[in-house]
Amino acid sequence: MKLSPHLLPAAGVAGLLLAAAALATNPLITDQFTADPTARVFEGKIYVYPSHDIKEPPNYTGRPNWFVMEDYHVFSSENLNDWKDHGVILTRGDVEWADPNAYAMWAPDCVFKDGKYYFYFPAMARAQENGGGMRIGIAVADKPTGPFKPLATPIEGVKGIDPGVFIDKDGSAYLYWSAKDSLFVAKLKPNMIEIEGVPQAIDNLPKKGLQEGPFAFERNGIYYLTYPHKENQIERLEYATSTSPMGPFKWAGVILDESASGCWTVHQSILEYQGQWYLFYHDRDLSPSFDKHRSIRADKLSFNADGGIQKVTPTLRGVGLVQATSQIQIDRYSETSGAGVAISFLDDAIPHAGWKTTFQGAKSWVRFNAVVFGAQHSIEVRAKGAGKGRLEIRLDNQDGPLIGRVKVGPGLDWKIASAAVKKIPAGVHDLVVTQAGTEPVDVDWVSFR
């Protein structure tokens with residue numbers, strides 16, 4: 001999705017007209033900070049309900065340098081490529097039982113049952129009315145995009161954060177949440193707004209360190225409970241399995257290792273869409289120096305024959321096909337030559353504007369996979385180079401068919417360099433961009449016409 005001009009200072013708006021959207025790449029959303037993504041399939045589309053990190057507003061009196069969240073957006077896609085922001089679906093001010101001075105609209109979930117969409121969210125309760133502390137509320141809508149109407153009170157008997165709801169094949173629903181570094185589960189009544197009995201602690205998991213963010217799903221008769229666990233310095237994703245949604249759960253392994261970026265938190269959801277399983281999670285791509293401003297991601301997930309989850313390797317490339325006619329962000333690469341390639345922000349002061357790729361070594365290269373080609377005859381590259389830089393464009397791998405050469409520079413300003421390309425076989429190919437000369441070249445995007 002393209003960046004919103006209101007996020008940029010005036011000097012950045014002109015450049016925005018040439019900037020490209022990061023489509024089908026990680027992070028999924030680049031015009032705002034998003035975290036804690038719960039992805040669901042409704043009406044044949046994927047809907048993602050994340051939390052929304054914001055900067056401290058002028059009236060903020062809470063914990064400094066912490067998570068600041070006051071509302072929720074929902075995003076949808078039919079192809080894991082183009083993401084539509086449906087806008088704000090719920091704000092702190094909509095919830096009458098929530099503390100108006102708190103900014104704690106943390107990780108949410110949304111499920112569909114009996115013609116209604118139920119949106120579960122945590123918030124800090126007013127002390128005088130609900131005993132204070134983090135509680136879990138519910139808002140209800142007729143459509144996945146709302147409008148959502150919050151109930152007047154939070155769920156009775158539940159205190160904590162990170163609600164996750166699982167609906168079994170028989171229609172029974174279960175609420176999972178975290179509190180006091182542990183995980184809990186309770187069966188929901190058919191009305192989806194009350195629990196049956198008392199909450200049950202999920203005790204038989206590794207107990208060293210914080211556990212939070214439970215998300216459950218079922219596959220081939222196995223019930224999976226996934227959750228972030230901070231056993232060491234930062235969180236990683238783990239999972240446990242059971243023959244029942246209420247457990248007992250047996251620890252089964254790690255889904256995602258601790259982030260190489262050092263992001264302190266991670267939060268996940270897992271779904272199947274059009275025959276492929278996906279892991280949705282977050283990292284701090286757009287805020288490398290402050291991990292309370294996060295961005296949601298998606299990568300493919302696979303299972304072993306015995307039902308075990310294979311560990312996911314996080315990527316910049318992400319998922320989904322990219323059209324050759326779009327502005328292809330090769331900085332979200334699938335693979336690089338390593339030496340001679342560097343990725344950095346286009347403008348350190350405006351991270352939402354995205355990244356650039358710097359080629360600074362002879363024959364250094366970047367591969368970007370899964371590009372859909374048709375009847376394209378020319379190539380455009382937004383680039384700059386102090387000297388007379390040259391790029392070669394190949395298909396499929398660094399030694400693949402040469403389809404074009406582009407001359408860049410000289411000059412310190414961004415320019416659109418173009419060249420004719422040889423006939424490209426229609427279909428899906430990997431795109432490889434290689435530095436052909438010795439002069440360094442900065443590339444923003446590549447596109448075919």
Side-chain angles (χ1 to χ4, degrees), residues 35-40 49-52 62 67-74 89-113 116-141 146 148-167 172-202 210-217 225-228 245-246 265 267-269:
D36 310 317
T38 294
R40 300 290 189 184
Y49 299 84
S51 55
H52 183 199
F67 304 102
V68 182
M69 302 143 122
E70 66 176 352
D71 60 28
Y72 297 102
H73 288 235
V74 61
I89 59 171
L90 187 72
T91 71
R92 177 192 51 166
D94 297 331
V95 184
E96 61 183 85
W97 56 265
D99 183 346
N101 297 313
Y103 288 80
M105 307 294 280
W106 290 1
D109 194 4
C110 187
V111 296
F112 175 77
K113 188 179 182 188
K116 297 289 185 181
Y117 293 88
Y118 294 87
F119 184 74
Y120 297 78
F121 62 93
M124 184 68 69
R126 297 173 185 263
Q128 67 272 28
E129 295 179 10
N130 297 282
M134 293 297 293
R135 302 292 298 275
I136 293 173
I138 305 172
V140 185
F148 283 90
K149 182 177 180 180
L151 303 185
T153 58
I155 302 174
E156 184 68 29
V158 175
K159 290 188 176 183
I161 61 172
D162 299 345
V165 175
F166 167 69
I167 301 177
S172 300
Y174 302 83
L175 174 68
Y176 302 81
W177 70 96
S178 59
K180 299 180 180 179
D181 297 348
S182 298
L183 307 180
F184 295 83
V185 61
K187 189 174 183 180
L188 284 166
K189 292 183 178 180
N191 63 16
M192 300 296 287
I193 63 175
E194 299 175 282
I195 62 170
E196 292 185 0
V198 297
Q200 174 180 309
I202 301 174
L210 167 70
Q211 295 171 347
E212 58 179 354
F215 181 87
F217 67 97
L225 178 66
T226 67
Y227 59 93
M246 294 288 289
T265 64
H267 192 102
Q268 79 299 340
S269 59

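If you read the sequence from its start, that first residue is 1, and numbering goes on from there.
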Asker: Would you say Trp106 and Ser51 make side-chain contact, with heavy atoms under 4.5 Å?
Answerer: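 Side-chain contact under 4.5 Å: no.
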Asker: So, do Pro108 and Pro163 sit near enough that their side-chain heavy atoms are less than 4.5 Å apart?
Answerer: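 Contact flag for Pro108/Pro163 side chains = no.
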Asker: Does Met69 reach the side chain of His52, with side-chain heavy atoms less than 4.5 Å apart?
Answerer: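 Heavy-atom side-chain distance check fails, nothing below 4.5 Å.
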Asker: Indicate whether the side chain of Gln268 and that of Thr226 have a donor and an acceptor atom separated by less than 3.5 Å.
Answerer: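 Checked: Gln268/Thr226 side chains pair up, N/O donor to acceptor below 3.5 Å.
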Asker: Spell out, as yes or no, whether a donor-acceptor pair under 3.5 Å connects the side chain of Arg92 to the backbone of Pro100.
Answerer: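 Yes; at least one donor-acceptor contact below 3.5 Å.
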Asker: Do you know the tightest heavy-atom contact between Pro228 and Gly213?
Answerer: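 Closest approach of Pro228 to Gly213, heavy atoms only: CD-O, 3.5 Å.
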Asker: Taking all non-hydrogen atoms of both residues, which atom of Ala123 and which atom of Met105 are closest, and how far apart?
Answerer: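 Between these two residues, the closest heavy atoms are CB-SD, 3.7 Å.
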Asker: Assign the ring pair Trp177 / Phe184 to parallel, tilted or perpendicular, where the plane angle (0 to 90°) is split at 30° and 60°.
Answerer: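 The rings of Trp177 and Phe184 lie parallel, inter-plane angle below 30°.
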Asker: Nearest 0.5 angstrom please: Lys180 NZ to Leu210 CG, how far?
Answerer: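 Here the rounded value is 14.5 Å.
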Asker: Between atom CZ of Phe121 and atom CG of Asp36, what is the distance when rounded to the nearest 0.5 Å?
Answerer: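 Here the interatomic distance stands at 15.0 Å.
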Asker: Looking at Arg135 and Ile155, would you say the former's side chain and the latter's main chain have a donor-acceptor pair under 3.5 Å?
Answerer: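 Flag set: sc Arg135 to bb Ile155 pair under 3.5 Å.
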Asker: Tyr174 vs Tyr176 aromatic rings, parallel, tilted or perpendicular, using cut-offs 30° and 60°?
Answerer: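 Tyr174 and Tyr176: tilted rings.
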Asker: Distance from Leu183 atom CG to Glu212 atom CD, nearest 0.5 Å?
Answerer: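 CD of Glu212 is found 9.0 Å from CG of Leu183.
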Asker: Look at the side chain of Thr38 and the backbone N and O of Ser269, then say whether any donor-acceptor pair between them is shorter than 3.5 Å.
Answerer: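 No, because the side chain of Thr38 does not come within donor-acceptor range (under 3.5 Å) of the backbone of Ser269.
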Asker: Distance check, rounded to the nearest 0.5 Å: Ser172 atom OG versus Glu196 atom CD?
Answerer: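 Answer rounded to 0.5 Å: 8.0 Å.
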Asker: Look up atom NZ in Lys116 and atom CD1 in Ile193, then write down how far apart they are to the nearest 0.5 Å.
Answerer: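 The distance works out to 12.0 Å.
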Asker: Report the C-alpha distance between Phe215 and Asp162 in whole Å, list the side-chain angles of each, state the deciding distance to 0.1 Å, and finish with yes or no for side chain to side chain contact (heavy atoms under 4.5 Å, CB included).
Answerer: CA-CA 9 Å; Phe215 181 87; Asp162 299 345; over 6 Å; no
Asker: Less than 4.5 Å apart, any side-chain heavy atom of Val185 and any of Pro199?
Answerer: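 No, every pair of side-chain atoms sits at 4.5 Å or beyond.
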Asker: Write down the atom of Tyr118, the atom of Lys113, and the distance for their closest heavy-atom approach.
Answerer: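 Closest heavy-atom pair between Tyr118 and Lys113: CE1-O, 3.6 Å.
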Asker: For Phe112, does the six-membered ring have the charged nitrogen or CZ of Arg40 within the cation-pi criterion, i.e. under 6.0 angstrom from the centroid and within 45° of the normal?
Answerer: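 No, Arg40 and Phe112 do not form such a contact.
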Asker: Evaluate side chain to side chain contact (heavy atoms under 4.5 Å, CB included) for Lys159 paired with Met134, printing each intermediate quantity in order.
Answerer: CA-CA 6 Å; Lys159 290 188 176 183; Met134 293 297 293; over 6 Å; no
Asker: Distance from Ile138 atom CD1 to Asp109 atom CG, nearest 0.5 Å?
Answerer: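 Answer rounded to 0.5 Å: 11.0 Å.
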Asker: Would you call the rings of Tyr49 and Phe148 parallel, tilted or perpendicular, taking 30° and 60° as the class edges?
Answerer: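 Ring orientation of Tyr49 relative to Phe148: perpendicular.
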Asker: A side-chain contact here means heavy atoms from C-beta on lying under 4.5 Å apart; do Phe67 and Tyr103 qualify?
Answerer: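 Counting from C-beta outward, Phe67 and Tyr103 never come under 4.5 Å.
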Asker: Check whether any side-chain heavy atom of Ile167 lies under 4.5 Å from a side-chain heavy atom of Met192, and answer yes or no.
Answerer: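 With C-beta onward as the side chain, the pair touches.
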Asker: Can you name the nearest heavy-atom pair linking Tyr117 to Cys110, along with the distance?
Answerer: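 Heavy-atom minimum between the residues: CB-SG, 4.2 Å.
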Asker: Check the pair Tyr120 / Val111 against side chain to side chain contact (heavy atoms under 4.5 Å, CB included), numbers first and verdict last.
Answerer: CA-CA 8 Å; Tyr120 297 78; Val111 296; 3.9 Å; yes
Asker: Does either side chain, that of Asp71 or that of Thr91, offer a donor lying less than 3.5 Å from an acceptor on the other one?
Answerer: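 There is no such pair (donor and acceptor under 3.5 Å, judged by atom type) between the side chains of Asp71 and Thr91.
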Asker: Can you name the closest pair of heavy atoms from Met246 and Ala186 and give their distance?
Answerer: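 Closest pair (atom of Met246, atom of Ala186, distance): SD-C, 4.4 Å.
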Asker: Locate the shortest heavy-atom distance separating His73 from Pro50; write the atom from each residue and the value.
Answerer: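 Scanning both residues completely, I find the closest heavy atoms to be O-CD, 3.4 Å.
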